[in-house]
Chemist: 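Have a look at this one before I ask anything.
Indexing begins at 1, ligand by ligand and atom by atom, following the structure's order. Only a predicted model underlies this, so the values are computations on that prediction, with no experimental measurement involved.
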Amino acid sequence: MSDPVDMDGKSPESLSVGLRLQEQQNRALLEQLDLVSQLLRRTCHLSFGLDPELDNDLQRLSNLMLTPEKLTRSQGQLAGLSDQLGLQQDKYEKRLAHWQASLNDTLKQLNQINGLPSELRRQLKALISDLHLPRVSLYRLLPLTQEALSLLLKVATLHRRQPDSDTGNDTLAAMVDQLVAMVSSLNLSGADHELHQIRRQLLSPITQDGLLDLTVEFLQVVIKVLDKERRQAKQFLQLASDSLKDLHQRTTRTLGEHHQGNRQQQVINGRIDNLLVELTRGLDANNLQQAGQSMAQLSSLWQEKMQLEAGLFDEQRLRLEELQQQVADLETRAEQFRNQLAQQRLDSLSDSLTQLPNRAAFDERLLAEHKRLQRFGHPLWMAILDVDHFKDINDRFGHIAGDKTLRVIAHTIRRSLRDTDFIARFGGEEFVILFPELEEADLHRPLTKIREAVRNIPFKFKDESVRVTVSIGATEVHAAEQPMVAFERADQGLYQAKNNGRDQVVILSRE
Ligand SMILES: Nc1nc2c(ncn2[C@@H]2O[C@H](COP(=O)(O)OP(=O)(O)OP(=O)(O)O)[C@@H](O)[C@H]2O)c(=O)[nH]1
C-alpha cells in the first residue's frame, strides 16, 4: 500500500492527534476557569487584609487570573490555594459566631434598661445579622462596638444608682477617659469631623447625661462606617456573583460549541479516510479514472475541512478572548474592592491624632514579632511609655494644647527610633515600642535617648515654657511566654518608674 497522501504537510493522523490535543487543552482550560470561579466565590466571603499570607495567595491568584494561559500550568497551586481559603473561612466564621453571640447578649441587657435609641438598635441588629459580609474594619470596630455598648450599659446604670456622689464622679471620670481612649484610637476616613467633635466635648467638663449622649453618638459613627462598608461589600458580591454566573454560562456554551465542531470534524475526517482508501485502491488497480475522481472529491472535501477548521479556530479564539476579558473585568472589580478594603484597613490600623499605628496595629505586630521570635530566636524587647502628669496640661492649657503635645511627642519618639523599631499609640497618652533584634546591653541607649529628647522639647503654652517628661517601663519578650505576659511586665516597670518619681526608665526582667 502507498503512503498516505500528504496534504499541506499534514497527514490525517497527525491532524486528528492535533485536534485531540487541542480538545484536551480546551477542556483543561475550562476546568481551571471553573476552579477559579469556585475560588472567587469562596474568596468573596473573606475579608482581604486579615491575614498577610492569605493576601499573598490572593495576589498570586489574581496574577494567574489575568493570564488564563498560565492557569493550565498551575492547577496544583490553585488547588492548594483553594484548601487554604477554605481553612481561613472556617476560622473567620468561628470568630464571627463568637462576636454575634456576645453583641446579642449586650444588646439584650441594654434593651432591658431601654438604653438605646430605636434607630441605633435597628442598625445594630442589622449589623449583627450581616456580620458575614467582608469588611476589614469589622475586626477593629466589632470589639470597639462591644466596648462602647458595655460602657453605655455602665453609664446608664451608674446614672440610676449613684446620683452625684464622689465615687460616682470618680467612676464617671474613668468612663470619660475610657471613651476618650476609644475615640482617640479610631481613624475613620469620612467620620473625622464627627469624631473630633465628640473628643472635644469629652475633654470639656461633662455630666452623666452628656456622657450617655456622647457614647450613643460614638456608637452611631462606628455603626455608620460599618454600614457603609456593608453596602460596598454587598454591591461587590452582587457584581461578582452576576459576573461568575455569566462566566459559567459562557464556559458551558464554549464547551457545547466545541463538541459540535468536533462532531462535524469527525464526520469530515471519516469521509476523507474513505476517499483515501478509494484513492489508494484506484492507484493500486491502475484505475486512473477512479483515482482522478477520488482526488477531485478529496480536494473539495479538504477545502471544506480547511474552512470548517478555520471557522472553528476563529470561533474558539473569540470565545477565549471573551472569557479572558470577562475574567480580567472581574479581576479589575475585585482589585477596586480590594483597594477599598486596603484603605479601610489602613485607616483601621492608624491613629488619627498622631498618624502612628494604633493599638490594633500593635497587637498584630506583636503577634507577628513573637512568631518570628519563636521561629528564629532573635531577641525582642518591648517598652511602654507614658506622658507624665498629662492631665495637668489638658487642665491648665486646654485639650487642644494636650493634643498638640501628644502629636509632637509622637513625632519626637518616631525620630529617635530606627526604621526597624515599631511604635504605636496604645491609647490616651501611652505609647508602645517594639525593638526587634536588640541585645539587652543596647536597650538603655535608645530609651534614654527618647526620654531626653522628650524632656528637651521646648513646649510653650500661653507664653509659659513647659517641661514635659515621660516614664518608661521595658522588658524582654520571651519565646516561651504569651506576649501579654511580657506586656504586663513592661507595664509594671512603667508603674515603678512613675512611683519612683517619673521621668525615668525601668527595665524589668523575668523572675
Ligand atoms: N488632649 C488629649 N487628652 C487625652 C487624650 N487621650 C487621653 N487624654 C487625657 O489624658 C489624661 C491622662 O490622665 P491620667 O491617666 O490621670 O495620667 P497623667 O495625668 O498623665 O498622670 P500620670 O500618668 O500618673 O503621670 C486624661 O485626662 C485623659 O482625658 C487625647 O487624645 N487628647
Side-chain angles (χ1 to χ4, degrees), residues 144 147-148 151 155 166 169-188 191-208 210-211 214-215 217-218 221 350-362 383-413 423-432 450-451 454-455 457 459-462 466-474 490-506:
L144 215 59
E147 194 182 340
L151 179 68
V155 183
D166 276 353
N169 283 340
D170 285 352
T171 327
L172 183 70
M175 289 175 182
V176 171
D177 279 355
Q178 194 184 344
L179 190 58
V180 169
M182 279 192 250
V183 177
S184 304
S185 71
L186 265 193
N187 190 9
L188 300 173
D192 286 359
H193 180 69
E194 283 140 300
L195 287 176
H196 182 73
Q197 292 298 330
I198 297 176
R199 276 183 81 242
R200 211 170 53 84
Q201 293 179 61
L202 280 171
L203 293 167
S204 317
I206 186 172
T207 62
Q208 291 174 1
L211 178 60
L214 288 178
T215 314
E217 262 182 53
F218 175 69
V221 170
S350 69
D351 168 67
S352 60
L353 183 76
T354 61
Q355 302 308 325
L356 287 181
N358 63 14
R359 184 177 177 160
F362 170 74
I384 309 179
L385 184 150
D386 189 281
V387 184
D388 297 326
H389 301 304
F390 183 64
K391 191 170 178 309
D392 286 354
I393 299 176
N394 275 336
D395 291 349
R396 288 170 60 204
F397 308 108
H399 75 274
I400 295 180
D403 282 0
K404 196 168 168 208
T405 309
L406 288 176
R407 269 194 225 109
V408 174
I409 291 179
H411 183 66
T412 306
I413 307 174
I423 174 173
R425 181 174 176 215
F426 196 72
E429 76 299 10
E430 201 166 77
F431 299 85
V432 272
I450 290 170
R451 190 182 61 76
V454 173
R455 89 190 305 276
I457 302 171
F459 283 113
K460 201 166 196 175
F461 302 120
K462 296 184 181 158
V466 177
R467 166 153 289 164
V468 180
T469 59
V470 290
S471 299
I472 305 176
D491 204 33
Q492 274 169 26
L494 172 66
Y495 184 74
Q496 286 185 19
K498 291 270 181 190
N499 273 351
N500 295 347
R502 295 177 172 80
D503 189 19
Q504 53 191 279
V505 177
V506 171

Chemist: Among all protein non-hydrogen atoms, which one is nearest to atom 30 (C) of ligand 1, and what is the separation to 0.1 Å?
Modeler: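 Atom 30 (C) of ligand 1 sits closest to the protein heavy atom R199 NH2, 3.0 Å.
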Chemist: Are any of the N or O atoms of K498 closer than 3.5 Å to those of ligand 1?
Modeler: yes
Chemist: Between D388 and S471, do the side chains contain a donor N or O and an acceptor N or O under 3.5 Å apart?
Modeler: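 S471 vs D388: donor-acceptor pair found between side chains.
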Chemist: Do the ring planes of F362 and F426 sit parallel (below 30°), tilted (30 to 60°) or perpendicular (above 60°)?
Modeler: perpendicular
Chemist: I'd like to check which ligand 1 atoms, numbered from 1 as shown, lie under 4.0 Å from a non-hydrogen atom of R502.
Modeler: 22 (P), 24 (O), 25 (O)
Chemist: Taking the side chain as everything from C-beta on, heavy atoms only, tell me whether Q178 gets closer than 4.5 Å to E147.
Modeler: yes
Chemist: Using a 4.0 Å heavy-atom cut-off, which part of L203 comes near ligand 1: side chain, backbone, both, or neither?
Modeler: side chain
Chemist: Mind checking whether E217 and E194 have side chains closer than 4.5 Å, heavy atoms only?
Modeler: no
Chemist: Going by the atom numbers of ligand 1, which of them fall below 4.0 Å from some non-hydrogen atom of G402?
Modeler: 1 (N)
Chemist: In ligand 1, which numbered atoms sit nearer than 4.0 Å to a non-hydrogen atom of R425?
Modeler: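 Per the distance check, 5 (C), 6 (N), 30 (C), 31 (O).
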Chemist: Going by heavy atoms in the side chains, are R425 and N358 under 4.5 Å from each other?
Modeler: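 In short, these two side chains do not touch, never coming nearer than 4.5 Å.
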Chemist: Considering only the protein, which heavy-atom contact is closest to atom 28 (C) of ligand 1, and what is its distance?
Modeler: D177 OD1, 3.4 Å
Chemist: Could you tell me whether D403 approaches ligand 1 through its side chain, its backbone, both or neither, with non-hydrogen atoms closer than 4.0 Å?
Modeler: both
Chemist: Would you check whether V180 has a nitrogen or oxygen atom less than 3.5 angstrom from a nitrogen or oxygen atom of ligand 1?
Modeler: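 Looking only at distances, the answer is no, because the N/O contact criterion of under 3.5 Å is not met.
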Chemist: Of all the heavy-atom pairs spanning V176 and I206, show the shortest one and how long it is.
Modeler: CG2-CG2, 3.7 Å
Chemist: Heavy-atom distance under 4.5 Å between the side chains of I472 and L494, does that happen here?
Modeler: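 A side-chain contact is absent here, since even the closest heavy-atom pair is not under 4.5 Å.
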Chemist: What are the two closest heavy atoms between G402 and N394, and how far apart are they?
Modeler: CA-OD1, 3.5 Å
Chemist: For G428, take its heavy atoms, then give the atoms of ligand 1 lying under 4.0 Å from any of them.
Modeler: 6 (N), 7 (C)
Chemist: Please identify which atoms of ligand 1 are closer than 4.0 Å to at least one heavy atom of L406.
Modeler: 30 (C), 31 (O), 32 (N)
Chemist: Return the residue, atom name and 0.1 Å-rounded distance of the protein heavy atom closest to atom 9 (C) of ligand 1.
Modeler: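 Closest protein heavy atom to atom 9 (C) of ligand 1: N394 ND2, 3.4 Å.
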Chemist: Just heavy atoms, cut-off under 4.0 Å: does D386 contact ligand 1 by side chain, backbone, both, or neither?
Modeler: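 The answer is the side chain of D386.
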Chemist: Would the distance check show the side chain of K462 and the main-chain N or O of R396 forming a donor-acceptor pair, the cut-off being under 3.5 Å?
Modeler: yes
Chemist: Taking the side chain as every heavy atom from C-beta outward, state whether Q496 and N499 have any atom pair closer than 4.5 Å.
Modeler: no
Chemist: Is the side chain of R407 donor-acceptor paired with the backbone N or O of L353 at a distance under 3.5 Å, no angle test?
Modeler: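 Checking the backbone N and O of L353 against the side chain of R407, a donor-acceptor pair under 3.5 Å is found.
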Chemist: Taking atom 17 (O) of ligand 1 as the point of reference, which of Q178, E429, K391 owns the nearest heavy atom?
Modeler: E429
Chemist: Would you mind telling me if ligand 1 is within reach of the side chain of L202, the backbone, both or neither, using heavy atoms under 4.0 Å?
Modeler: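 Under 4.0 Å from ligand 1, L202 contributes no heavy atoms.
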Chemist: Is there a polar contact between ligand 1 and V387, counting only N or O atoms under 3.5 Å apart?
Modeler: yes
Chemist: Do me a favour and list the nearest non-hydrogen protein atom to atom 20 (O) of ligand 1 with residue, atom name and distance?
Modeler: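 Atom 20 (O) of ligand 1 sits closest to the protein heavy atom F390 N, 2.7 Å.
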